[in-house]
Number of protein chains: 2
Amino acid sequence: MNPETQDLNQATLHYLDVIYRLSQGGEPATTNVIAERLGVTPSGASIMLRRLARRKLVQLTPYKGATLTPQGIKVALRTIRRHRLLEVFLIQVMGFRWHEVDKHAHALETVIDQEFEDRIDEITGHPTRCPHGHVIPTRDGVMPAVPDVKLVIQPIGTAGVIRCIDTDKPEWLEYFGQLGLMPGASITLKSIAPYGGAVTVATSEQTITLGYPLAEVILIEPDRTGDTTPTQSA
Amino acid sequence: MNPETQDLNQATLHYLDVIYRLSQGGEPATTNVIAERLGVTPSGASIMLRRLARRKLVQLTPYKGATLTPQGIKVALRTIRRHRLLEVFLIQVMGFRWHEVDKHAHALETVIDQEFEDRIDEITGHPTRCPHGHVIPTRDGVMPAVPDVKLVIQPIGTAGVIRCIDTDKPEWLEYFGQLGLMPGASITLKSIAPYGGAVTVATSEQTITLGYPLAEVILIEPDRTGDTTPTQSA
DNA sequence: ACTCAGGTTTGACACCGATTAAATTCATGA
DNA sequence: TCATGAATTTAATCGGTGTCAAACCTGAGT
């Protein structure tokens with residue numbers, strides 16, 4: 001009944017975490033993709049999904065994919081909350097850098113308990129986002145809505161503030177960090193070359209050209225002002 | 001070959017940890033006691049011991065007990081080091097109290113990696129003892145020798161400094177903490193009632209009477225001065 | 001020397017999370 | 001409509017960690 005009291009082991013928690021993130025867009029998570037994310041074979045994932053379905057944690061439609069049940073969502077959000085709080089903690093208290101924290105948080109997220117989670121939350125000052133900008137679910141299992149939008153689908157000239165660097169690739173994160181492209185930084189979309197070409201953006205410091213795949217992970221909150229002046233204010 | 005690269009899972013690490021501590025006194029660790037410490041049945045422990053022996057981590061003499069191989073010792077000391085460093089960290093950085101840290105450290109000790117261990121070691125200032133006074137093995141797998149001795153086997157009148165409260169019972173630790181009986185405190189053995197009776201000790205603040213089982217876990221370093229004057233210096 | 005109790009191991013089994021290989025389903029284009 | 005290829009599931013199996021019940025050692029006392 002209460003998810004905290006269930007004996008959910010690490011494997012289960014990792015599956016739920018992955019399924020949650022994959023089914024964010026409304027589409028169920030498919031076996032192959034789940035398997036790939038977890039580094040297991042599709043057949044292994046398939047068997048595990050059946051087990052999770054039996055435990056009423058996922059809603060499984062054979063050959064179609066899996067979504068989480070309300071139960072499963074609750075558990076997944078708890079793990080995600082712990083992961084993101086840990087990331088904040090690892091940077092803020094332990095001095096790690098933002099491209100290093102994901103792997104440590106991943107190892108720790110399934111072993112800490114409620115008391116530990118609360119302690120971290122307190123020490124870090126009840127953060128609402130992880131260092132990369134992902135929203136931290138609340139303690140009672142709600143994922144707050146945010147106005148983040150993809151930079152690359154904005155009209156050219158859009159100015160805003162980076163809210164999230166939506167990737168877990170350490171190399172990408174390190175690169176973004178070197179460029180100063182991190183949550184809080186101001187950014188203006190200058191141009192996008194056609195067919196997934198280079199994306200040029202301007203920060204307060206410099207103009208940067210990024211490959212499309214990189215640019216795609218930048219989420220921003222556009223400035224409220226309707227102005228879209230792409231050039232620097234004289 | 002290198003223990004760090006072996007795939008040693010959590011169960012294995014916990015077994016080695018327990019066996020190490022049980023065989024401290026020279027006697028091999030017996031199946032029943034190992035099982036009890038780990039909360040499994042003796043048959044389960046027996047099977048696991050055979051597996052550990054096959055992996056060359058323990059030296060198993062059937063019906064007699066188990067000791068660790070050099071390999072096993074190395075792994076055990078690494079886990080113990082992590083446990084004790086974590087305890088220091090949990091108190092010093094995270095604000096837990098000394099009777100709370102064992103369970104958290106236990107959960108974390110098997111999932112952190114070398115990088116994380118080093119980070120904690122650095123942050124906490126390279127401590128040599130855990131909050132309860134147990135010695136922290138060195139990074140390269142050596143358990144430093146210490147001059148700690150049991151208070152209750154000292155002659156009446158012995159004065160010294162508490163070096164270790166050798167128990168993991170949270171209630172006991174909390175009680176010792178309330179009394180100010182913790183590593184660093186000065187203590188004098190005043191009397192021991194016969195047949196495991198009450199033990200009376202004096203600190204700089206007060207005179208305390210403890211049950212024998214409690215008193216037994218106090219390890220001290222006796223003052224160098226040969227003096228054993230049991231009464232307060234006038 | 002023998003018995004007996006406690007400690008220990010073995011046997012038979014179960015569950016979990018994987019694997020590989022084979023079978024199955026599904027969507028789609030000819 | 002039907003064949004095809006990709007995605008998915010099933011079947012058979014494995015290793016790890018446990019259980020219970022039964023068999024087995026071992027040492028201490030008569």
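These numbers were taken from a predicted model, which means no experiment stands behind them. All chains are named by letter (A, B, ...) in the order of the sequence lines, taking the proteins before the strands, and each is independently numbered beginning at 1.
Close to C/dT8, at under 4.0 Å from its OP1 or OP2, lies a side-chain N or O of B/N32. Considering only side-chain N and O atoms, A/N9 lies nowhere under 4.0 angstrom from the phosphate OP1 or OP2 of C/dC15. One finds a side-chain N or O of B/Y15 lying less than 4.0 angstrom from the OP1 or OP2 phosphate oxygen of D/dG18. Between A/T41 and C/dT19 there is a side-chain N or O to OP1 or OP2 distance below 4.0 Å. In this structure, B/Y63 does not reach the C/dT10 phosphate: none of its side-chain N or O atoms is under 4.0 Å from OP1 or OP2.
Checking A/A45 against A/K64, the closest nucleotide of DNA chain C that is more toward the 5' end is the one next to A/A45. The 5' end of DNA chain C is approached more closely, in terms of each residue's nearest nucleotide, by B/P62 than by the other of B/P62 and A/V40.
A/T209 contributes no side-chain N or O that, together with a main-chain N or O of A/V199, makes up a donor-acceptor pair within less than 3.5 Å.
For the pair A/L52 CG and C/dG17 P, the computed distance is 8 Å after rounding to whole Å. Taking atom CG of residue B/L49 and atom C1' of nucleotide D/dG16, one finds them 15 Å apart after rounding to whole Å. The CE atom of B/M48 sits 15 Å away from the P atom of D/dG15 (whole-angstrom rounding). One atom, CD1 of A/I47, and another, C1' of C/dA21, lie 12 Å apart when rounded to the nearest Å. We find that CG of B/L38 is positioned 8 Å from P of D/dG18, with the value rounded to whole Å. The CG-C1' distance, from B/L13 to D/dT17, rounds to 14 Å in whole Å. Put simply, CG on B/L60 is 11 Å from P on C/dT8, counting in whole angstrom units. As rounded to whole Å, 16 Å separates atom C1' of C/dA18 from atom CD of A/Q10.
Listed nucleotides C/dC16, C/dG17, C/dT8 differ in distance to A/R54; the shortest reach to its side chain belongs to C/dC16. Ranking C/dT9, C/dG17, D/dT10 by closeness to the B/P42 side chain, first place goes to C/dT9.
You'll find a donor-acceptor pair under 3.5 Å spanning the side chain of A/S43 and the base of C/dT20, going by distance alone. No N or O donor and acceptor, one from the side chain of B/R51 and one from the base of D/dG16, sit under 3.5 Å apart.
Ring geometry for B/F116 versus A/F96: interplanar angle under 30°, hence parallel rather than tilted (30 to 60°).
Other residues, nucleotides and ligands contribute at most 12 non-hydrogen atoms within 6.0 Å of the CD atom of B/E27.
Among the protein residues, A/R50 comes within range of the sugar-phosphate backbone only, with heavy atoms under 4.0 Å from sugar or phosphate atoms but none that close to a base.
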Steps toward salt bridge (charged side-chain N to carboxylate O under 4.0 Å, His left out) verdict (B/D121, B/R81):
CA-CA 10 Å; B/D121 185 36; B/R81 171 172 168 82; 3.3 Å; yes

Apply salt bridge (charged side-chain N to carboxylate O under 4.0 Å, His left out) to A/D168 and A/R37, showing your working.
CA-CA 12 Å; A/D168 52 8; A/R37 291 295 178 94; 6.0 Å; no

